[in-house]
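Working notes, beginning with the structure itself.
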Number of protein chains: 2
Amino acid sequence: MDKKALFHKFVSFTTSVHEVTHALTQDVKADSVTSVQYKILENVKVSQPVTPTEISDCMHMSMPNTSRELKKLYEQNLIEKISDKEDRRKQHIRLSKDGEIMMDEAFAAIEVRFQKLIENISEEDLKEINHALDVLQNKVFTR
Amino acid sequence: MDKKALFHKFVSFTTSVHEVTHALTQDVKADSVTSVQYKILENVKVSQPVTPTEISDCMHMSMPNTSRELKKLYEQNLIEKISDKEDRRKQHIRLSKDGEIMMDEAFAAIEVRFQKLIENISEEDLKEINHALDVLQNKVFTR
DNA sequence: CCCATTACTTATCATTTGATAAGCAAATCA
DNA sequence: TGATTTGCTTATCAAATGATAAGTAATGGG
């Protein structure tokens, strides 16, 4: 296997993934939140409950900035902060009712576009795609 | 094929791709350029020569902002502007000598990390990965 | 030739984002 | 118990980014 060639293929693949992701997600976020705030909400949605430290780590942003953005989301009633019973320094962040609604709508919009993207793909090809996703997820994009 | 399940798999896949991409590319850009400027340079590197309008379109940024950033890159001697012989309104952007050096270094650093990422993968698995990349690129992430 | 369009530039402004210093309270550890 | 560490907050500043208005020069169509 030519690893150099594989690298180039990998680069153009990731570029394509970024482009398609952009196409699927553009304009789904409400105007009341910024891009970074939306990203945080996505993160919370997927892995709630989550601590500010975890958000900070996995979004690659400093604690002060994370704290600031969480505060803004809290003030918009999009998230809830629950303090840990055992360690009262810790907090657990969840989406509020409003936050859930907002993110459900966003994901629904994304899914509509995704389904449209694959609507004309044969059952056979879908199985191949499904398998390809598994392969790459498990062997390259393991986290 | 359960298309709903496929969507969820797709979402977590793209998340992983973004994370791995971040890990591979973090800190490769020189301090003298901003993130957006680096992205522009990547774009130019891959598809030079390129017009400002093309950059603007494919990076999803306005012409005025594109123009501003290109000017800064030009002032840093990282790109060249060549005006079109036939249509003198048009420009063709290329990396300058310095720009080429900068981007070659960046890509080399990324490649080192990529090769490290796959160094312990068997020949067999690499072939599978290679095929999976082709499948997804051609059937889902076509652009 | 005139007018509309295209390709790009300049200028300006608001907003977002990133970085840093300093602080506080709870927890841990010696 | 006192010192240190952890988890998070507040405040502040600089820089990057996004958006808009206005302008120039070249092109092209009628």
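Note: hydrogens, waters and symmetry copies are ignored here, and every other heavy atom, side chains too, is used. The sequence lines fix the lettering, A, B, ..., with proteins before strands; numbering per chain opens at 1.
The A:Arg89 side chain lies nearest to D:dG7 when the options are C:dG18, D:dA26, D:dG7. Here the side chain of B:Arg68 is nearest to one of C:dT9, D:dT17, C:dA7, namely D:dT17. Closest to the B:Thr51 side chain, of the nucleotides C:dA19, D:dA16, C:dC8, is C:dC8. With distances taken from any side-chain atom of A:Lys71 to the nucleotides C:dC8, D:dA21, D:dT10, the minimum falls on D:dT10. Distances were taken from every side-chain heavy atom of B:Met63 (C-beta onward) to each of C:dA26, C:dC8, D:dA21; the shortest belongs to C:dC8. Residue A:Ser67 places its side chain closer to D:dT10 than to any other of C:dA19, C:dT12, D:dT10.
Using the six-membered ring where Trp is involved, A:Phe7 and B:Phe114 have ring planes that are tilted, between 30° and 60° apart. In this pair, A:Phe10 and A:Phe141 present their aromatic rings parallel. The plane angle is below 30°, not in the 30 to 60° band.
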>> Run A:Glu100 and A:Gln48 through side chain to side chain donor-acceptor pair (under 3.5 Å) and show every step you take.
In response: CA-CA 11 Å; A:Glu100 286 286 359; A:Gln48 55 188 331; 2.9 Å; yes

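Heavy atoms of A:Ser35 sit under 4.0 angstrom from primed sugar atoms or phosphate atoms, though from no base atom. Counting any heavy atom pair closer than 4.0 Å across all strands shown, B:Glu69 reaches no nucleic acid atom. Backbone-only engagement by B:Asp87 is indicated by non-hydrogen atom pairs under 4.0 Å involving sugar-phosphate atoms exclusively. Residue contacts for A:Lys39: at a heavy-atom cut-off of 4.0 Å it reaches no nucleic acid atom on any strand shown. Among the protein residues, B:Glu86 comes within range of the sugar-phosphate backbone only, with heavy atoms under 4.0 Å from sugar or phosphate atoms but none that close to a base.
Look at A:Thr34 and you'll find a side-chain N or O under 4.0 angstrom from OP1 or OP2 of C:dT17. In this structure, A:Gln37 does not reach the C:dT17 phosphate: none of its side-chain N or O atoms is under 4.0 Å from OP1 or OP2. Between B:Lys81 and C:dT9 there is a side-chain polar atom (N or O) within less than 4.0 angstrom of OP1 or OP2.
In terms of polar N and O atoms assigned as donor or acceptor, the side chain of A:Arg88 never comes within less than 3.5 Å of the base of D:dG7 in a complementary pairing.
Closest of all the heavy-atom pairs between B:Ile93 and B:Pro52 is CG1-CD, 4.0 Å.
Nucleotide D:dA16 holds its P atom 13 Å from the CE atom of B:Met61, rounded to whole Å.
Note on B:Leu73 and B:Val46: same hydrophobic cluster, where clusters join Ile, Leu, Val, Met, Phe, Trp and Tyr whose side-chain heavy atoms are under 4.5 Å apart, directly or indirectly.
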